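Here the structure comes first, spelled out in structure tokens, and everything after it is commentary.
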Amino acid sequence: MNQVWNIARKELSDGLRNRWLLAISVLFAVLAVGIAWLGAAASGQLGFTSIPATIASLASLATFLMPLIALLLAYDAIVGEDEGGTLMLLMTYPIGRGQILLGKFVGHGLILALAVLIGFGCAALAIGLLVEDVEVNLLVWAFGRFMLSSTLLGWAFLALAYLLSSLAGEKSSAAGLALGVWFVFVLVFDLALLALLVFSEGKFNPEVLPWLLLLNPTDIYRLINLGGFDGGNAIGVLSLAEDLPVPGAVLWLCLLLWAGVALLLAYAAFRRRSA
């Protein structure tokens, strides 16, 4: 465990030195505070509306940002070390590839978790201090749920980034693959499900479609946050989940499994990679 923590500490210090933690935290804080007070501007209202509406808007934003940030943070974690010659140096030390991968995951995971806590925590604190008659218990519960699920979503895409980095031969290839993965999971997947629903003309079993949402960590994340309040109405492809007979705990488990399985696949790919 000392080797794992040493690598994690190195990644964390690199993130601090490269201003990753500061940049992500400031980005989250500015966007979260802006959405909290300006999210209803399109309907002609200014100021804070409600906690459910704020969480729904923040979750929609984080669906785009968290996967992209996680992929950009770690797409070169393996292939970058290989190109720089430091991977071969690391392999000369008495440390296994699993420890290297786990150390990097812990370090990058801490960066994401701290950024989420600082950035979105500032928005929660601002709401608690500036909004009159706010339900503090609901505020703490809603933002705690949102921040935890956002961290898990980031970890899932961190693990996917390690998988891509272990498979790619060059940093440029890893960057292209990372953007492709982001594009598929964030933009294309739901459109493909809707197209399947529309153009299948009843030939495809509609009872299977809700289960397909579990194949996309971003959809699981949105279901966790948009389904966490009474009276919340899912729109678009997420309305299919109304027929999904699984409790909320299963959604959390699925999101956690996405991170774990992707990390195991990354480890398998890393083991086959020549240093």
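Along the sequence shown, residues are numbered consecutively beginning with 1. All of these numbers come straight from a predicted model, not from anything done at the bench. Heavy atoms only: backbone and side chains are in, while hydrogens, waters and symmetry mates are out.
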Checklist entry - L71 and L179: side-chain contact (heavy atoms from CB on, under 4.5 Å), yes or no, with the steps? => result CA-CA 8 Å; L71 289 168; L179 290 177; over 6 Å; no

Item to check | Joint hydrophobic cluster, L58 plus L27, side-chain heavy atoms closer than 4.5 Å | outcome: yes

Item to check | Approximate separation, where rounding is to 0.5 Å, of I51 CD1 and N137 CG | outcome: 9.5 Å

Next on the checklist: Test side-chain contact (heavy atoms from CB on, under 4.5 Å) on V33 and I127; report intermediate values, then the result.
Outcome noted: CA-CA 8 Å; V33 172; I127 292 172; over 6 Å; no

Item to check | Atom of A262, atom of A159 and distance for their closest heavy-atom approach | outcome: CB-CB, 3.5 Å

Checklist entry - Does any N or O in the side chain of S165 come within less than 3.5 Å of the main-chain N or O of V79, such that one atom is a donor and the other an acceptor? => result yes

Checklist outcome for this item: In this structure, CG of L265 is separated from CG of L160 (nearest 0.5 Å) by 8.5 Å

Next on the checklist: Just so I know, are the side chains of Y162 and Y75 near enough to count as touching, which here means a heavy-atom distance under 4.5 Å?
Outcome noted: no

Checklist outcome for this item: Separation between CD1 (I100) and CG (L90), nearest 0.5 Å, reads 5.0 Å

Checklist outcome for this item: The reported gap from CD in E170 to CG in D76 (rounded to nearest 0.5 angstrom) is 13.5 Å

Checklist entry - Taking the side chain from D82 and the backbone from I78, do they hold a donor-acceptor pair closer than 3.5 Å? => result no

Checklist entry - Got a donor-acceptor contact below 3.5 angstrom from the W155 side chain to the G109 backbone? => result yes

Checklist entry - Shared ILVMFWY cluster between V30 and L130, side chains joined below 4.5 angstrom? => result no

Next on the checklist: Please evaluate residues M88 and E81 with respect to the criterion side-chain contact (heavy atoms from CB on, under 4.5 Å), reporting the C-alpha separation (whole Å), side-chain torsions for both, the decisive distance (0.1 Å), and the verdict.
Outcome noted: CA-CA 8 Å; M88 183 178 295; E81 298 271 14; over 6 Å; no

Checklist outcome for this item: Of all heavy-atom pairs linking I111 and G15, the shortest is CD1-CA, 3.7 Å

Next on the checklist: With a 4.5 Å cut-off on side-chain heavy atoms, are L31 and L65 touching?
Outcome noted: yes

Next on the checklist: Among L148, L223, I220, V250, which residue satisfies the side chain to side chain contact (heavy atoms under 4.5 Å, CB included) criterion with L255?
Outcome noted: I220

Checklist entry - Is F28 close to M66 at the side-chain level, that is, under 4.5 Å between some pair of heavy atoms? => result yes

Next on the checklist: Could you measure the distance from the CZ atom of F105 to the CG atom of L112? Nearest 0.5 Å is fine.
Outcome noted: 9.0 Å

Checklist entry - Less than 4.5 Å apart, any side-chain heavy atom of L214 and any of L251? => result yes

Checklist entry - Would you call E11 and V106 a side-chain contact if the rule is heavy atoms closer than 4.5 Å? => result no

Checklist entry - Under 4.5 Å between any side-chain heavy atoms of S149 and N225, yes or no? => result yes

Item to check | Hydrophobic cluster membership, W141 vs M147, 4.5 Å side-chain cutoff | outcome: yes

Checklist entry - So, do F143 and L139 sit near enough that their side-chain heavy atoms are less than 4.5 Å apart? => result yes

Next on the checklist: Which heavy atom of R222 sits nearest to which heavy atom of T63, and what is that distance?
Outcome noted: CG-OG1, 3.3 Å

Checklist outcome for this item: Closest heavy-atom pair, H108 versus A74, reported as atoms and distance to 0.1 Å, is ND1-CB, 3.9 Å

Checklist entry - Shared ILVMFWY cluster between W211 and V261, side chains joined below 4.5 angstrom? => result no

Item to check | Same cluster (ILVMFWY, side-chain, under 4.5 Å), L72 and L167 | outcome: no

Item to check | Q99 backbone acceptor or donor facing Q3 side chain under 3.5 Å | outcome: no

Checklist entry - Looking at side-chain heavy atoms only, is the closest gap between D190 and N216 below 4.5 Å? => result yes

Next on the checklist: Just by distance, no angles: are the side chains of S150 and Y221 close enough, under 3.5 Å, to form a donor-acceptor pair?
Outcome noted: yes

Checklist entry - So, the side chain of R145 versus the backbone of I224: is there a donor-acceptor pair under 3.5 Å, distance only? => result yes

Checklist entry - What's the shortest heavy-atom distance between A70 and L158, and which atoms? => result O-CD2, 3.5 Å

Checklist entry - Looking only at atom types and distance, does a side-chain atom of S25 sit under 3.5 Å from a main-chain N or O of I118, one as donor and one as acceptor? => result no

Item to check | CA sep, side-chain torsions, deciding dist, call: F64, T218, side-chain contact (heavy atoms from CB on, under 4.5 Å) | outcome: CA-CA 9 Å; F64 289 89; T218 61; over 6 Å; no

Checklist outcome for this item: So OH of Y267 and CG of L264: to nearest 0.5 Å the spacing works out to 9.5 Å

Next on the checklist: Is the ring pair F157/F185 parallel, tilted or perpendicular, if the boundaries are 30 and 60 degrees?
Outcome noted: perpendicular

Next on the checklist: For a quick test of reading the model, state the closest non-hydrogen atom pair linking T151 to A113 and the distance between them.
Outcome noted: CG2-CB, 3.9 Å

